[in-house]
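Everything on this sheet refers to the single structure shown next.
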Amino acid sequence: MSNKKKIYKPTPISGFPEWLPQERKAEQQWFDHIRRVFESYGFCNIETPSVETLDAINAKGGDGGADVDKEVYVLERLHKDDNDKEARLALHFDQTVPLARYTAQHFNDLVFPFKRYQMQRVWRGERPQSGRFREFYQCDIDVINVDNLPLHFDAEMPAIIWEILSSLPGMEDENIKIRISNRKILMGLLSALEVENTTDITRIVDKAEKISKEQFENLLAEHGLSQDAQTKIQNLIACTDIKSLKGENELMQEGIDELCFVMDQLSHLPEGAAVADLSIVRGLDYYTGTVYETVFVDDPGYGSICSGGRYDDLAGHYINKHLPGVGISIGFSRLFERIRTQNKLPKTSISPAHVLVVLPNEDARAEMMSVAQTLREKGMNVETFHSPSKLKRQLAYAEKKGIPYVWFPPFEDGSPHEVKNMETGEQTEAVAKDWKPQS
RNA sequence: GCGGCCGUAGUUCAGCUGGUAGAACACUCGGUUGUGGUCCGAGACGUCGCGGGUUCAAAUCCCGUCGGUCGCCCCA
């Protein structure tokens, strides 16, 4: 009889990242930071369930949805009955669809413009690679209004994002750029050119900067665009002076005017922080106006770390109201992964404790507990050592966990308490109710 | 869904013209009496991803499979 038990060797699950305590602590700092900025603009928080019904997710429809559907994870019981009539559930792959559903469902109880932020995990069943996960966090911020949503908000979104991204701990050296465009411009042009398969053309324009000029032209030609049309599209997406643009029709002119307004409102940002870029169109079909995409200037190939845009009527599939919105989503995990792998995360210790109270001997246990409680009541985080091990061991523990102070209760009655600063090695007498850490 | 690369101790890897395994770091204990980071010593840890084939003999060669990773598609 073998007493060797079967070991199931733990392996990472591709695309489902997890962090060590130090990294998690940095991650929490980022969440706190982002939350603080969102709330400073008056946005409230909501959290929706991890799942939506498959019907709710599919409701958005459109042919742009077809590809996304392939990435949706569905949820079912292991031993489900074939005749099961339960609604099929799916893990949400973004936070925009849940927001639309939420807004429709709670329409009567919400105050409009409804300004909310949401920081949750989303799931996408695609092949993971660098900066791409199957389970990851997004930090979304959106505004939804009834009937009419002022352009004011289209300009507020990038301003908020810039404030966050330029001040996240660890992002100090990163050079990022928010690229902004307006879909009405390209759509207007395509309509003036009498192009019908706009979704295909949009996709091609979206990848224009990743492929060569020849490939780009060939793709457009394959989709039936004339030489004249190709030239006009190329000129448009290369245009850097949007104020000089003339609309070929009403829709295109509207897009130009909107984009000019938004850029004008962002003129207070540093040079190059937010730029008008007509080659940005975004793949998702529900965007109808302003669109955003954010990249590392030095490494645009890493992908967008923050994208979004305006959608004329997203909740229209869930309620018979006209609810335009505009929003943007920080690709939190992608961004975090980038800074983490470059070793630029803020240095944090393993333990959140400020003080470790040592246990000199079993008789001192009550005193140790009492000191710890006193310090906690003063707002400090305090660990107590669990057994009267050699002090060498107890000190080494504090050292490894990065706890900055070690507290020594008296070794015998009548002796004073002492506290040691682990960084300087200095050790002094102290009284728990009066003591404060330096710095 | 499709291609390239990879799969050996907890981790990073070495070993691969075939003869059943090593290093570093991490871990545990020790270097006596109440104090960490350094140093020294000792110890524990692997059916070499899994299955099959070739061979007297395979971590090492071949096939399959699973997993990881990078790229494509698409996207944060």
Side-chain angles (χ1 to χ4, degrees), chain A residues 2 4 6-17 20 64-72 92-96 118-141 161 165 199 202-204 206-207 210-211 281-285 287 292-296 301-309 327-338 341 356 358-361 363-364 385 388-412 415 418-427:
Chain A
S2 169
K4 197 162 188 181
K6 171 79 178 162
I7 301 285
Y8 292 91
K9 187 172 179 174
T11 53
I13 302 176
S14 179
F16 290 78
L20 291 172
D67 287 332
V68 182
D69 287 349
K70 289 187 209 153
E71 300 180 354
V72 171
H92 59 232
F93 68 91
D94 68 10
Q95 291 175 132
T96 308
Q118 209 168 332
M119 309 196 295
Q120 293 182 230
R121 291 193 218 241
V122 302
W123 293 267
R124 293 187 189 176
E126 52 186 334
R127 261 316 204 291
Q129 46 196 271
S130 80
R132 292 179 51 177
F133 305 99
R134 298 197 286 193
E135 174 178 76
F136 58 98
Y137 282 102
Q138 288 192 160
C139 302
D140 279 39
I141 181 168
I161 292 305
L165 295 186
T199 302
T202 301
R203 290 250 164 101
I204 296 169
D206 197 38
K207 70 169 76 160
K210 288 179 113 177
I211 60 181
V281 286
R282 300 269 73 217
L284 291 175
D285 250 5
Y287 296 122
Y292 317 102
E293 189 170 296
T294 311
V295 292
F296 288 104
Y302 188 66
S304 178
I305 49 165
C306 183
S307 318
I328 193 163
S329 172
I330 300 175
F332 183 97
S333 299
R334 174 175 290 180
L335 189 58
F336 186 78
E337 176 67 356
R338 167 98 180 177
T341 51
L356 172 72
V358 141
L359 182 57
N361 49 59
D363 293 341
F385 204 81
S389 313
K390 289 184 174 182
L391 280 185
K392 181 188 179 72
R393 184 168 307 286
Q394 302 192 45
L395 270 286
Y397 176 79
E399 162 70 23
K400 274 194 270 188
K401 289 191 85 173
I403 302 173
Y405 291 96
V406 172
W407 191 283
F408 297 88
F411 285 76
E412 57 243 9
S415 305
E418 291 180 9
V419 64
K420 175 175 180 131
N421 179 327
M422 292 296 279
E423 198 188 338
T424 64
E426 186 187 4
Q427 187 165 329

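Convention: sequence-line order gives letters A, B, ...; per-chain numbering from 1.
- Residue contacts shown for S130(A) are limited to sugar-phosphate atoms, with no base heavy atom under 4.0 Å away.
- Judged by distance alone, with hydrogens and angles left aside, the side-chain atoms of Q138(A) form no donor-acceptor pair with the main-chain N or O of D94(A) at under 3.5 Å.
- Between U35(B), A76(B), G71(B), one nucleotide has an atom nearer to the side chain of Q129(A) than all others, and that is G71(B).
- In this structure, V122(A) and F93(A) have side chains that are not in contact, with every pair of non-hydrogen atoms separated by 4.5 Å or more.
- Using cut-offs of 30° and 60° on the angle between ring planes, the pair F133(A) and F136(A) is tilted.
- Residues L335(A) and Y302(A) are not in side-chain contact: their nearest non-hydrogen atoms beyond the backbone lie 4.5 Å or more apart.
- You'll find that the side chain of R124(A) is closest to C75(B), out of C2(B), C75(B), C74(B).
- Two residues are said to be in side-chain contact when any heavy atoms from C-beta on lie closer than 4.5 Å; L391(A) and F408(A) meet this criterion.
- A distance of 7.0 Å separates CZ of R334(A) from OG of S304(A), quoted to the nearest 0.5 Å.
- Residue-to-nucleotide proximity on RNA chain B shows that, of I305(A) and I13(A), the 5′-proximal contact is made by I13(A).
- No engagement by F332(A) is indicated, since no non-hydrogen atom pair under 4.0 Å with the nucleic acid exists.
- Stacking annotation: F411(A) is stacked on the base of G34(B) (ring centroids less than 5.5 angstrom apart, interplanar angle below 30 degrees).
- Across all strands shown, K401(A) has no heavy atoms under 4.0 Å from either base or sugar-phosphate atoms.
- The closest donor-acceptor contact from the side chain of R134(A) to the backbone of S14(A) lies under 3.5 Å.
- In this structure, E399(A) atom CD and G36(B) atom P are separated by 10 Å, rounded to whole Å.
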For nucleotides 5-13 of chain B, tabulate all protein N/O to nucleotide N/O atom pairs closer than 3.5 Å, reporting atom names and distance.
from	atom 1	to	atom 2	distance (Å)
A9(B)	OP1	K9(A)	NZ	3.3

### Dot-bracket pairing map - RNA chain B, Watson-Crick plus G-U, both contacts under 3.5 Å, | cross-strand
(((((((..((((........)))).(((((.......))))).....(((((.......))))))))))))....
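- Ring-plane geometry between F332(A) and Y137(A) is classed as perpendicular, the angle between the planes exceeding 60 degrees on a 0 to 90 degree scale with a lower cut at 30.
- Comparing C48(B) with C2(B), their P atoms are spaced 31 Å from each other, to the whole Å.
- Using P as the reference atom, C75(B) and A14(B) are 38 Å apart when rounded to the nearest Å.
- A donor-acceptor pair under 3.5 Å links the side-chain atoms of Q394(A) to the main chain of S389(A), judged by distance alone.
- Comparing A26(B) with C63(B), their P atoms are spaced 40 Å from each other, to the whole Å.
- F408(A) does not qualify as a stacking partner of the G34(B) base, lacking a centre-to-centre distance under 5.5 Å together with planes within 30°.
- The side chain of S14(A) contributes no N or O atom lying less than 4.0 Å from OP1 or OP2 of G67(B).
- The nearest whole Å value for the distance from the CD1 atom in I330(A) to the P atom in C75(B) is 20 Å.
- For R132(A) and A76(B), a side-chain-to-base donor-acceptor distance below 3.5 Å is absent, hydrogens and geometry of angles not being considered.
- Evaluation of atom-type donor-acceptor distances gives no pair under 3.5 Å for the side chain of E337(A) against the base of A76(B).
- Residue Q427(A) places its side chain closer to G34(B) than to any other of G36(B), C2(B), G34(B).
- The nucleotide whose nearest atom lies closest to any side-chain atom of M422(A) is, among U35(B), A76(B), G36(B), G36(B).
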Short N/O separations, protein against nucleotides 29-32 of chain B, under 3.5 angstrom:
from	atom 1	to	atom 2	distance (Å)
C29(B)	OP2	R393(A)	NH1	2.9
C29(B)	OP2	R393(A)	NH2	3.4
G30(B)	OP2	R393(A)	NH2	3.2
G31(B)	OP2	K390(A)	NZ	3.2

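- Nucleic acid contact for S329(A): none, since no nucleic acid atom lies under 4.0 Å from a heavy atom of the residue.
- Counting heavy atoms from C-beta on, the side chains of E293(A) and S307(A) come closer than 4.5 Å.
- Distance check, rounded to the nearest 0.5 Å: CD of Q95(A) to CZ of R121(A) gives 12.0 Å.
- Both E423(A) and R134(A) lie near RNA chain B, and the one whose nearest nucleotide falls closer to the 5' end is E423(A).
- Using a 4.0 Å heavy-atom criterion, one finds that K400(A) contacts the sugar-phosphate atoms exclusively.
- Taking the side chain as every heavy atom from C-beta outward, K420(A) and L395(A) approach each other to under 4.5 Å.
- Nucleotide G36(B) holds its C1' atom 16 Å from the OH atom of Y405(A), rounded to whole Å.
- The C1' atoms of U8(B) and A59(B) are separated by 7 Å, rounded to the nearest whole Å.
- Under the 4.5 Å side-chain criterion, counting only non-hydrogen atoms from C-beta, V358(A) is not in contact with W407(A).
- Rounded to the nearest 0.5 angstrom, D140(A) CG and M119(A) CE are separated by 11.0 Å.
- Comparing A44(B) with G10(B), their P atoms sit 15 Å apart, to the nearest whole Å.
- For the pair E126(A) CD and C2(B) P, the computed distance is 16 Å after rounding to whole Å.
- A398(A) comes within 4.0 angstrom of no nucleic acid atom, judged by non-hydrogen atoms across all strands.
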